[in-house]
Visitor: 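For reference, the structure I am asking about is given below.
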Amino acid sequence: MGHKQKETEIATGGENNNLVEDLNELMRVRREKLGEMRGRGLEPYGGRFERTHSARFIVENYLALENKPVTIAGRIMSKRGMGKASFAHIQDATGQVQIYARLNDVGEATYDLFGKLDIGDIIGVEGSVFKTRMGEITVAVAKLRLLSKSLRPLPEKWHGLRDVELRYRQRYVDLIVNPAVMAVFETRSKIVRAFRNFLDGRGFLEVETPMMQVIPGGAAARPFITHHNALDINLYMRIAPELYLKRLLVGGFEKVYEINRNFRNEGISTKHNPEFTMLELYEAYADYNDMMNITEELISSVAAEVLGTTSIDYQGTKINLAPKWDRIPMLEAVKQHSGLDFSLIKTAAEAQTVVKQARLGIELEASDTRGSILNKIFEEIIEPKLIQPTFITDYPVEISPLAKRKAEDPELTDRFELFIYGREMANAFSELNDPIDQRGRFVSQAEKRRAGDEEAHMMDEDYINALEYGMPPAGGLGIGIDRLVMLLTNSYSIRDVILFPLMKPRD
RNA sequence: GGGCCAUUAGCUCAGUCGGUAGAGCACCUGACUUUUAAUCAGGGUGUCGCUGGUUCGAGUCCAGCAUGGCUCACCA
């Protein structure tokens, strides 16, 4: 292997690059070509390049462009040399187009350069549009410029990059060789834009609230901790923007929303990434019924706008997103599916006994309350069955510390969650605006915390302070953007809709 | 964190009973002036994830570790 290293040293191209790297044959050859080009006065990393057309535009507008000059740029994705003429495909953001170089047309210097080009190199091409004998729309090269020399070989041309670990770790390669991946992220962008358009059109104001918080509130989750050096204090990455957005309602904003990242220090799975994107919106003088209506309209209209249909296929299951969606109170859903009538159960002790007798296979803890037991039954036996969009309403107060109690039953709240394909897609409620009740809820959460529940809410005195000034009654809604994008792009894993999902570092 | 599975060339993958490393693409050399997974002739480019162990001999068997996937737990 000694001789290989010596060659590598020679092959590194720049005069001031004396690094001896352990390069394989493929990379060594590319560096040699780089050095050779520099030696002939050709700069392999070009600058500004003005294009007149995109690949797709040329392919879709052949009649108008036949024999017309075009200037395009992109990455070489395939190459076929035939002696004194050569073909290649170049790819830009819109797709691929074939290019054709003929020795007689371009001259020896350019043809030689064309021959030296590798798959992966980025080039600019000036030429005219024609159709080959086989009928493929092609740009006949007149001038050629190397814009970026690629030093690493791309994955194979028809299997592409399959190794999921490499795909996530080196998303840039995934995007180059797997067009479907780029399409997913284009759709994601369209979905988010459609959300904003919808809300802006209804008079909502987009705002930004702190990502770094002194008290991480608004959800039950373990936060990430970080440190501010100058202040010498620990801060938490937010688990939700909720309490800040509601402070804005106190301040007088009446319709606000935020689409941004939340961070939760919990497990990673096909449905969980430590950072994920949430839409939260708040509307003063509205309630959770208004939130159900807006959820239906938002999701169905975004699907119609981005996908052109409200009837989608997710992992082989047909899902109909057209309104209206079922609205079922949790008590009723539990009664239907388990036969247990919680309206007759008044205490935690009764609930414990009844659930054990029913042999539902649900594990309970001594600390479980009537409401948390009800929720466990729901999550265990009903949630997975909610394939078509379904609102489950009226959640127990114990697991809803920020939601308004139902007027008819103070043990329940004016809250719903939306389920599609057995997954929670949205969570919303009539916001609790009674500062005294809110303080009581925080106090009982703080007790849970003391008892070891790391996910229980923390007391937030400033939030209580805000409520004491008076918050208008309001409806609030949260939608998990990543999960919605998964649904609308038929993606199996959340990692397929997040450009750079968190991966454990190598080594 | 538990269980199961995977890790071999740049990529996609074979590798039998433990006997000293294979294919396709890519790449290199040559031929070819409208090709289409271009074709034809020739060339194998490797720390078999890592560390130990068993063995005359380990890609293969055993143990530990690492990374990833699935799954359960936790969550959105």
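Just so we're on the same page: letters track the sequence lines, and every chain starts at 1.
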Visitor: Tell me, please, which residues at least two apart from Lys271(A) pass side chain to side chain contact (heavy atoms under 4.5 Å, CB included).
Guide: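 For Lys271(A) the side chain to side chain contact (heavy atoms under 4.5 Å, CB included) partners, ignoring immediate neighbours, are Ser269(A), Arg423(A), Arg483(A).
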Visitor: Which value, in whole Å, describes the distance between the P atoms of nucleotides U29(B) and A66(B)?
Guide: 44 Å
Visitor: Side chain to side chain contact (heavy atoms under 4.5 Å, CB included) with Val192(A): which residues, sequence neighbours excluded?
Guide: Arg196(A), Ile259(A), Ile481(A)
Visitor: Dot-bracket notation for RNA chain B is requested: 5' to 3', Watson-Crick or G-U wobble pairs only, both distances under 3.5 Å, with ( ), [ ], | and . as defined.
Guide: (((((((..((((.....[..))))((((((.......))))).)...(((((..]....))))))))))))....
Visitor: What is the per-nucleotide protein-contact pattern of nucleotides 39-44 of chain B, from the 5' end, where B denotes a base atom under 4.0 Å from a protein heavy atom, S denotes such proximity for sugar-phosphate atoms only, and - denotes neither?
Guide: ------
Visitor: Considering only atom P, compute the distance from G18(B) to G1(B) and round it to an integer number of Å.
Guide: 34 Å
Visitor: Dump the pairs, protein N or O against N or O of nucleotides 6-11 of chain B, anything under 3.5 Å, distances to one decimal.
Guide:
{"unit_1": "G10(B)", "atom_1": "OP1", "unit_2": "Asn24(A)", "atom_2": "ND2", "d": "3.3"}
{"unit_1": "C11(B)", "atom_1": "O2'", "unit_2": "Glu156(A)", "atom_2": "N", "d": "3.3"}
{"unit_1": "C11(B)", "atom_1": "O2'", "unit_2": "Gly160(A)", "atom_2": "O", "d": "3.0"}

Visitor: Using salt bridge (charged side-chain N to carboxylate O under 4.0 Å, His left out) as the criterion, list what pairs up with Asp174(A), not counting sequence neighbours.
Guide: Arg167(A), Arg171(A)
Visitor: Among all residues two or more places apart in sequence or in another chain, which pass the salt bridge (charged side-chain N to carboxylate O under 4.0 Å, His left out) test with Glu126(A)?
Guide: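 For Glu126(A) there are no salt bridge (charged side-chain N to carboxylate O under 4.0 Å, His left out) partners, ignoring immediate neighbours.
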Visitor: Salt-bridge test for Arg449(A) and Glu454(A): reply yes if a basic N is under 4.0 Å from a carboxylate O, no otherwise.
Guide: no
Visitor: Which residues pass the side chain to side chain contact (heavy atoms under 4.5 Å, CB included) test with Glu379(A), sequence neighbours left out?
Guide: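 Glu379(A): side chain to side chain contact (heavy atoms under 4.5 Å, CB included) contacts with Asn375(A), Glu383(A).
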Visitor: Do Arg327(A) and Glu296(A) sit within salt-bridge range, that is, some charged N less than 4.0 Å from a carboxylate O?
Guide: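 A salt bridge links Arg327(A) with Glu296(A).
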Visitor: How many whole angstroms separate atom CG of Asp174(A) from atom P of U12(B)?
Guide: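 Rounding to the nearest Å, CG of Asp174(A) and P of U12(B) are 11 Å apart.
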Visitor: Can you tell me which residue pairs pass the ring pair (Phe, Tyr, Trp, His ring centres under 6.0 Å) test with a partner in residues 54-83 of chain A, sequence neighbours excluded?
Guide: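 For residues 54-83 of chain A, and leaving out neighbouring residues, the ring pair (Phe, Tyr, Trp, His ring centres under 6.0 Å) pairs sorted by first residue read His53(A)-Phe57(A).
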Visitor: Considering only heavy atoms, which members of residues 480-492 of chain A lie under 4.0 Å from some atom of RNA chain B?
Guide: Arg483(A), Tyr492(A)
Visitor: Using the test side chain to side chain contact (heavy atoms under 4.5 Å, CB included), find all partners of Leu364(A) that sit at least two apart in sequence or belong to another chain.
Guide: Gln352(A), Val355(A), Ile362(A), Asp368(A), Ile373(A), Lys376(A)
Visitor: Counting only heavy atoms and a strict 4.0 angstrom limit, can you tell me which residues of residues 100-114 of chain A come near RNA chain B?
Guide: Tyr100(A), Arg102(A), Asn104(A)
